[in-house]
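All values reported here derive from a predicted model rather than from experimental measurement. We count ligands from 1, going down the list as the structure has it; atoms in each ligand are counted the same way. Position 1 is the first residue of the sequence, and the numbers go up from there.
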Amino acid sequence: MEISNTYIESFIQPRSELLLEMEKYAQEHHVPIMQLSAIDVLNQLLRIQKPSSILEIGTAIGYSALRMASTLPECTIVTVERDSERVSLAKQFIARSETANRITVIEGDALEVDVESIQSAFDAVFIDAAKGQYMRFFEKYSPLVPSGGILYIDNMYMHGLTDLDIKEVPRRKRTMIRNLKTFADWIMAHPDYDSTFFPVGDGLLICLKR
Ligand code: SAH
Ligand code: MG
């Protein structure tokens with residue numbers, strides 16, 4: 001039987017005017033913000049984990065950063081985005097929220113910026129940027145996470161493309177999908193992490209550091 005999310009989605013809570021405006025902007029401008037049901041799962045995991053700091057790779061317009069910050073009233077968030085137009089939008093949206101003083105947006109390529117000069121450790125890292133680079137993001141940022149910390153990684157399904165035989169994947173996306181699958185194989189076998197897929201949204205991977 002085909003499972004529909006309609007029932008579960010009927011429980012998604014109403015959101016502030018600001019968040020609705022951001023959702024509308026994202027939809028109209030094709031900004032790939034996280035799906036609402038996946039954000040709810042991520043936020044619930046964060047309530048359980050109770051991180052006091054989160055590093056986010058891939059701010060876009062600041063939607064997930066705002067959602068995480070309002071879920072965890074004490075938590076600070078550092079978030080990295082390379083697209084300058086999105087950075088300026090994110091800063092404007094975040095400035096209008098009550099959580100602005102806890103969110104720092106860094107403009108730059110996450111593979112190049114010096115996050116450590118701002119903060120050297122994070123209880124949680126949320127990776128939601130270029131899908132072909134996940135291994136590199138992970139290698140760069142996982143050392144900042146202590147034992148017991150968690151890396152949350154979005155889009156492991158890549159809209160269903162990871163389900164296909166590589167020959168069925170459009171040619172221009174093959175390298176990205178190969179990289180993503182190599183990363184999945186590597187992290188699932190990694191002795192320092194207990195990792196599990198959460199089949200929500202576009203596929204959320206949770207890596208708990210031993
Ligand atoms: N986390 C956001 C959505 C992020 S979309 C939310 O759910 O609200 C992915 C973003 O990652 C895009 O805006 C893209 O510009 C950014 N990105 C991709 N590769 C990056 C990199 N190497 N460094 C920084 N940002 C990157
Ligand atoms: Mg995503």
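A donor-acceptor contact shorter than 3.5 Å is absent between the side chain of T71 and the backbone of Q44. The closest donor-acceptor contact from the side chain of Q119 to the backbone of A121 lies under 3.5 Å. At distances below 3.5 Å, at least one donor-acceptor pair connects side-chain atoms of Q49 with backbone N or O atoms of D123. Side-chain atoms of T99 do not come within 3.5 Å of backbone N or O of A69 as any donor-acceptor pair. For D165 (side chain) and E168 (main-chain N/O), no donor-acceptor pair under 3.5 Å exists by modelled atom type. The backbone N or O of H159 sits less than 3.5 Å from a side-chain atom of D202, completing a donor-acceptor pair.
Of all protein heavy atoms, the one closest to atom 7 (O) of ligand 1 is M34 N, 2.9 Å. Atom 12 (C) of ligand 1 has its closest protein heavy atom at R86 NH1, 3.2 Å. If you check which protein heavy atom lies closest to atom 18 (C) of ligand 1, you get A130 N, 3.3 Å. The protein non-hydrogen atom at the shortest distance from atom 17 (N) of ligand 1 is A129 CB, 3.6 Å. Ranking the protein heavy atoms by distance from atom 23 (N) of ligand 1 puts A110 N, 2.8 Å first. Shortest contact from atom 3 (C) of ligand 1 to any protein heavy atom: D128 OD2, 3.3 Å. From the protein, the heavy atom lying nearest to atom 8 (O) of ligand 1 is S64 N, 3.0 Å.
Those atoms of ligand 1 with a heavy atom of E56 less than 4.0 angstrom away are 1 (N). Counting the atoms of ligand 1 from 1 in the order shown, those under 4.0 Å from a heavy atom of P32 are 3 (C), 5 (S). Under a 4.0 Å criterion applied to the non-hydrogen atoms of Y63, ligand 1 contributes the atoms 8 (O).
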Side-chain polar contacts of residues 108-116 - donor-acceptor pairs under 3.5 angstrom, sequence neighbours left out - could you list them?
from	atom 1	to	atom 2	distance (Å)
D109	OD1	L111	N	2.8
D114	OD1	S117	N	3.4

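The proximity of V31 to ligand 1, defined as any non-hydrogen pair under 4.0 Å, does not occur for either the backbone or the side chain. The backbone and the side chain of R82 each have at least one atom closer than 4.0 Å to an atom of ligand 1 (non-hydrogen atoms only). Contacts of Q133 with ligand 1, taken as heavy-atom pairs under 4.0 Å, are absent altogether.
Geometrically, ligand 1 and G58 share a nitrogen or oxygen pair separated by less than 3.5 Å. Inclusion of E81 in the set of residues having an N or O under 3.5 Å from an N or O of ligand 1 is warranted.
For the Mg ion (ligand 2), the tally of protein N/O/S atoms lying closer than 2.8 Å stands at 3.
R67 is linked by a salt bridge (Lys or Arg N to Asp or Glu O under 4.0 Å) to D40, counting only residues two or more places apart in sequence or in another chain.
R67 does not count as a contact of ligand 1, since none of its heavy atoms falls under 4.0 Å from the ligand. The shortest heavy-atom distance from T59 to ligand 1 is under 4.0 Å. At least one heavy atom of D109 sits closer than 4.0 Å to an atom of ligand 1. The closest approach between any non-hydrogen atom of G108 and ligand 1 is below 4.0 Å.
Applying the side-chain hydrogen bond (donor to acceptor under 3.5 Å, both in side chains) test to residues at least two apart or on different chains, none of the pairs has a partner in residues 173-192.
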- Message: I'd like to know whether R102 forms a salt bridge (Lys or Arg N to Asp or Glu O under 4.0 Å) with E74, so could you lay out the CA-CA distance, the side-chain angles of the two residues, the decisive distance to 0.1 Å, and finally the verdict.
- Response: CA-CA 8 Å; R102 293 188 283 115; E74 314 269 282; over 6 Å; no
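The environment of E139 atom CD is dense: over 12 non-hydrogen atoms of other residues, nucleotides or ligands sit within 6.0 angstrom.
Residues P146 and F122 form no side-chain contact, since every pair of their non-hydrogen atoms from C-beta on lies 4.5 Å or further apart.
Clustering ILVMFWY residues whenever any of their side-chain heavy atoms sit less than 4.5 angstrom apart, transitively, puts M176 in the very cluster that holds L164.
Taking the six-membered ring for Trp and thresholds of 30 and 60 degrees, F183 and F138 have ring planes inclined between 30 and 60 degrees apart.
Here F126 and Y141 keep their ring centres 6.0 angstrom or further from each other.
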